[in-house]
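Here the structure is a predicted model, which is why all the values come from computation and not from measurement. Numbering of ligands and ligand atoms starts at 1, following listing order.
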Amino acid sequence: MVSNGNSLIAYNVLEKRIINSGFCTLCGACEAACPTNALHITGEKVIRLHDCSKDLDLCPICYEICPHSEALLLRSLGFVADAPIKNEALGYYRKIMLAQAVDPALREQSHGGAVVTALLKYGIETKFFDSAIVSQAEPENPAKPKPSVALVPDDILSAVGSKFFPSSVAKAYGSAVYGHGKTDIAFVGVPCHVLALRKMEAWQHKIIGNLKITIGLFCFGTFSLSSLLKYIEDEYEIKPSEIKGMRLSSNFEVQTENGVVQIPLSAVEKHILPSCRTCTDFTSELADISVGGAYPLQDWSTVIIRTKAGEDFVYKAVENGILNTWVIEQEPKVFERIVVAAMQKRTEALKEAKQLEEVYGYLPVLLLRETDALAHIEIEEIMAKNIKTVPQDMTVSRFLDFVAIHHHIGYPVTNEDGDPVGWVTLEEAASVAKKKRDETLVGQIMRRKLVVAYPDETALVAFKKMSENETGRILVFDRANPKKLLGVVTKTDLMHTMTQ
Ligand SMILES: Cc1cc2nc3c(=O)[nH]c(=O)nc-3n(C[C@H](O)[C@H](O)[C@H](O)COP(=O)(O)OP(=O)(O)OC[C@H]3O[C@@H](n4cnc5c(N)ncnc54)[C@H](O)[C@@H]3O)c2cc1C
Ligand code: SF4
Ligand code: SF4
Ligand code: SF4
């Protein structure tokens with residue numbers, strides 16, 4: 001329970017830290033989870049319908065399950081932590097692949113692979129779930145998402161495509177349980193929506209037993225509806241009712257009856273919600289299945305399968321001819337783009353969060369903090385062994401192909417004697433101009449400063465060395481032979497240790 005001296009009623013903290021500070025993304029989880037029906041989302045605000053402290057002495061729920069509070073984060077991570085691969089950019093997963101709906105008409109409507117729509121339609125038709133939470137378009141304002149409970153395939157088909165404004169999907173989840181009595185629900189949302197549901201699961205909230213599967217979307221951010229629509233009306237003389245659709249590509253495209261208006265991304269960026277600037281999750285790391293774009297491929301989506309439930313469902317859909325699939329290892333550019341986007345989002349969010357910590361006195365993002373648990377574990381127990389290294393004379397082009405095959409983000413670089421002399425990551429390689437990648441060597445772009453630890457040191461020492469050196473990974477060497485590399489520890493390994 002949060003206690004800031006205010007009271008034991010979580011709403012007081014939620015209001016101060018999240019709602020009034022501008023961090024709410026209108027997911028609706030607090031409305032769905034509130035035991036006294038005290039909260040309601042209306043317009044672009046959460047309002048309190050009555051003072052719950054008159055009925056209760058203590059209630060921790062709304063703050064703890066809000067995706068922007070620091071509560072329950074590690075426990076939420078525990079729901080995906082049994083996946084065999086842990087990747088510092090993409091989180092835990094079992095498999096990553098490219099996929100598209102077999103039906104070309106669906107792909108045309110979605111401007112992507114229409115994987116989410118195809119999976120949901122298949123799930124409803126085969127009664128794998130009894131309903132799905134989707135975001136349709138508001139009829140009188142098509143840019144605005146309308147969170148809905150889809151009961152039949154047509155409801156799902158009418159939600160195809162992305163809407164770039166907040167959708168109160170967790171509130172719709174509450175309606176599916178309370179209003180429609182649904183017991184096997186599929187849920188689709190952006191990473192903070194999925195986190196809200198996972199927090200309810202960690203909290204063991206009574207409505208979460210009705211959740212069958214979560215599909216998370218990749219997300220760079222959502223826009224403030226009123227602020228962006230006003231900007232478009234003022235600058236481009238397009239009324240909200242004239243907007244037929246919106247699409248994000250190299251520009252922000254607004255479709256009207258008279259054609260498509262192109263707005264530079266730099267102009268729309270300032271209308272992104274404040275929470276999105278401190279959000280570290282690009283690929284919906286807590287979903288059963290995550291789906292995002294597959295740029296530069298046009299009508300494909302990237303699918304990251306994280307849990308056993310997600311794996312069983314996707315493989316069933318593939319076996320039944322619902323999806324075409326393709327191996328991502330054959331498309332290194334797609335993998336590179338996703339990993340770089342995820343790492344950039346995290347780096348920017350952490351920078352922004354540090355500044356906000358000074359203003360608000362707390363950090364609104366998932367951050368690894370020093371903990372006693374790390375002091376009792378030796379590095380030997382948690383380090384990754386059998387590390388793949390790359391030679392310093394490998395070209396950047398070959399390195400990028402290597403990354404697409406092996407899926408790790410960073411590798412120690414060795415000299416001609418096989419001794420580690422540096423460290424290179426996908427981020428540095430991706431920043432080399434495309435036409436220079438065949439002639440640039442890994443040795444030219446590697447980081448030369450190696451942060452080193454020994455197997456008998458504790459995980460807490462590893463954490464402190466990472467923090468002092470502002471790095472996310474350290475190399476573990478043999479004390480007896482300082483040139484012998486034994487393993488690598490990353491911040492993701494430390495997080496994993498804490499979830500166990
Ligand atoms: C706000 C937002 C930002 C995104 N940013 C990126 C990005 O930077 N990079 C990237 O690769 N992909 C991003 N995506 C994901 C991408 O746009 C596609 O949604 C994803 O690739 C799935 O494509 P699909 O063709 O399989 O989905 P479809 O079959 O078209 O289905 C889309 C599903 O998304 C749901 N949906 C639509 N809008 C919302 C919303 N606002 N909130 C919750 N659910 C919604 C609908 O219910 C629908 O079921 C973003 C999506 C959203 C909503
Ligand atoms: S009763 Fe509702 S509004 Fe009040 S603290 Fe609990 S969840 Fe929040
Ligand atoms: S739970 Fe969702 S709707 Fe409620 S305050 Fe948090 S972000 Fe806003
Ligand atoms: S960027 Fe993060 S906080 Fe913003 S809408 Fe996407 S998942 Fe939510």
Side-chain angles (χ1 to χ4, degrees), residues 7-15 17-19 23-39 41 45-46 48-53 55-56 58-69 99-101 106-107 109-121 132-137 144-148 150 156-171 186-193 195-196 199 215-223 247-248 275-276 282-284 290-295 299-303 337-338 341 345:
S7 90
L8 294 172
I9 294 294
Y11 179 77
N12 296 325
V13 192
L14 186 81
E15 184 182 39
R17 286 190 172 185
I18 310 289
I19 300 171
F23 286 115
C24 171
T25 42
L26 300 170
C27 71
C30 53
E31 178 176 333
C34 174
T36 66
N37 298 322
L39 302 178
I41 293 187
K45 194 144 172 68
V46 178
R48 195 187 202 186
L49 299 172
H50 60 87
D51 180 358
C52 55
S53 66
D55 308 318
L56 299 166
L58 176 150
C59 176
I61 297 180
C62 53
Y63 183 75
E64 295 206 342
I65 55 94
C66 175
H68 307 296
S69 78
Q100 61 175 190
L106 268 189
R107 304 202 301 262
Q109 285 172 42
S110 87
H111 299 294
V115 168
V116 176
T117 303
L119 284 175
L120 293 180
K121 183 167 170 284
I133 307 306
V134 293
S135 300
Q136 295 169 335
K144 187 178 174 195
K146 180 174 166 231
S148 320
I156 286 163
L157 295 175
S158 61
V160 68
S162 302
K163 294 100 199 157
F164 296 102
F165 296 102
S167 182
S168 301
V169 276
K171 168 179 169 168
F187 178 85
V188 182
V190 293
C192 58
H193 298 151
L195 175 56
K199 283 184 164 202
I215 302 181
L217 307 172
F218 294 7
C219 182
F220 73 95
T222 43
F223 299 102
R247 205 181 145 211
L248 204 70
S275 252
C276 304
F282 177 62
T283 60
S284 277
S290 302
V291 186
Y295 186 81
D299 57 354
W300 287 84
S301 299
T302 304
V303 177
R337 184 191 152 269
I338 294 168
K345 184 175 175 187

Enquirer: If you take the nearest heavy atom of each of Phe220, Tyr295, Phe282, which one is closest to atom 9 (N) of ligand 1?
Expert: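 Minimum heavy-atom distance to atom 9 (N) of ligand 1 goes to Phe282.
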
Enquirer: Using heavy-atom distances only, which candidate in Ala114, Ser135, Ala159 approaches atom 47 (O) of ligand 1 most closely?
Expert: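 It is Ser135 whose heavy atom sits nearest to atom 47 (O) of ligand 1.
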
Enquirer: Report, in ascending order of atom number, the atoms of ligand 1 lying under 4.0 Å from any heavy atom of Thr117.
Expert: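 This gives 28 (P), 29 (O), 31 (O) as the contact atoms.
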
Enquirer: Atoms of ligand 2 less than 4.0 Å from Leu56 heavy atoms?
Expert: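 Per the distance check, 1 (S).
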
Enquirer: Give the atom numbers and elements of ligand 1 that come within less than 4.0 Å of a heavy atom of Thr222.
Expert: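 By the 4.0 Å cutoff, the relevant atoms are 1 (C).
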
Enquirer: Provide the number and element of each atom of ligand 3 under 4.0 Å from a heavy atom of Leu26.
Expert: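 Heavy-atom distances to Leu26 below 4.0 Å select 3 (S), 8 (Fe).
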
Enquirer: Closest non-hydrogen protein atom to atom 6 (Fe) of ligand 3, residue and atom name please, with distance?
Expert: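 That would be Cys66 SG, 2.4 Å.
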
Enquirer: Nearest protein heavy atom to atom 2 (Fe) of ligand 3, by residue and atom, and its distance?
Expert: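 Minimum-distance protein heavy atom for atom 2 (Fe) of ligand 3 reads Cys27 SG, 2.4 Å.
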
Enquirer: Which protein atoms of type N, O or S are found under 2.8 Å from atom 8 (Fe) of ligand 2?
Expert: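 Correct list: Cys62 SG.
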
Enquirer: For ligand 1, find out whether one of its N or O atoms is nearer than 3.5 Å to an N or O atom of Val115.
Expert: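 For ligand 1, there is an N or O atom that lies under 3.5 Å from one belonging to Val115.
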
Enquirer: Below 30° counts as parallel, above 60° as perpendicular, anything between as tilted: where do the rings of Phe282 and Phe218 land?
Expert: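 Ring orientation of Phe282 relative to Phe218: tilted.
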
Enquirer: Considering only heavy atoms, does Glu31 approach ligand 3 within less than 4.0 Å through its side chain, its backbone, both, or neither?
Expert: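 It is neither; nothing of Glu31 touches ligand 3.
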
Enquirer: Please check if the side chain of Gln100 supplies one atom and the backbone of Asp299 the other of a donor-acceptor pair under 3.5 Å.
Expert: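 Between the backbone of Asp299 and the side chain of Gln100 there is a qualifying donor-acceptor contact (under 3.5 Å).
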
Enquirer: Would Phe165 count as being in polar contact with ligand 1, using the rule that some N or O on each side must be under 3.5 angstrom apart?
Expert: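 Yes, since at least one N or O of Phe165 sits under 3.5 Å from an N or O of ligand 1.
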
Enquirer: Specify side chain, backbone, both or neither for Asp55, according to which of its non-hydrogen atoms lie closer than 4.0 Å to ligand 2.
Expert: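 Neither; nothing of Asp55 gets under 4.0 Å from ligand 2.
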
Enquirer: Run the contact test for Gly28 against ligand 3 with a 4.0 Å cut-off on heavy atoms, strictly below, and give the result.
Expert: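 It does; at least one heavy atom falls under 4.0 Å.
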
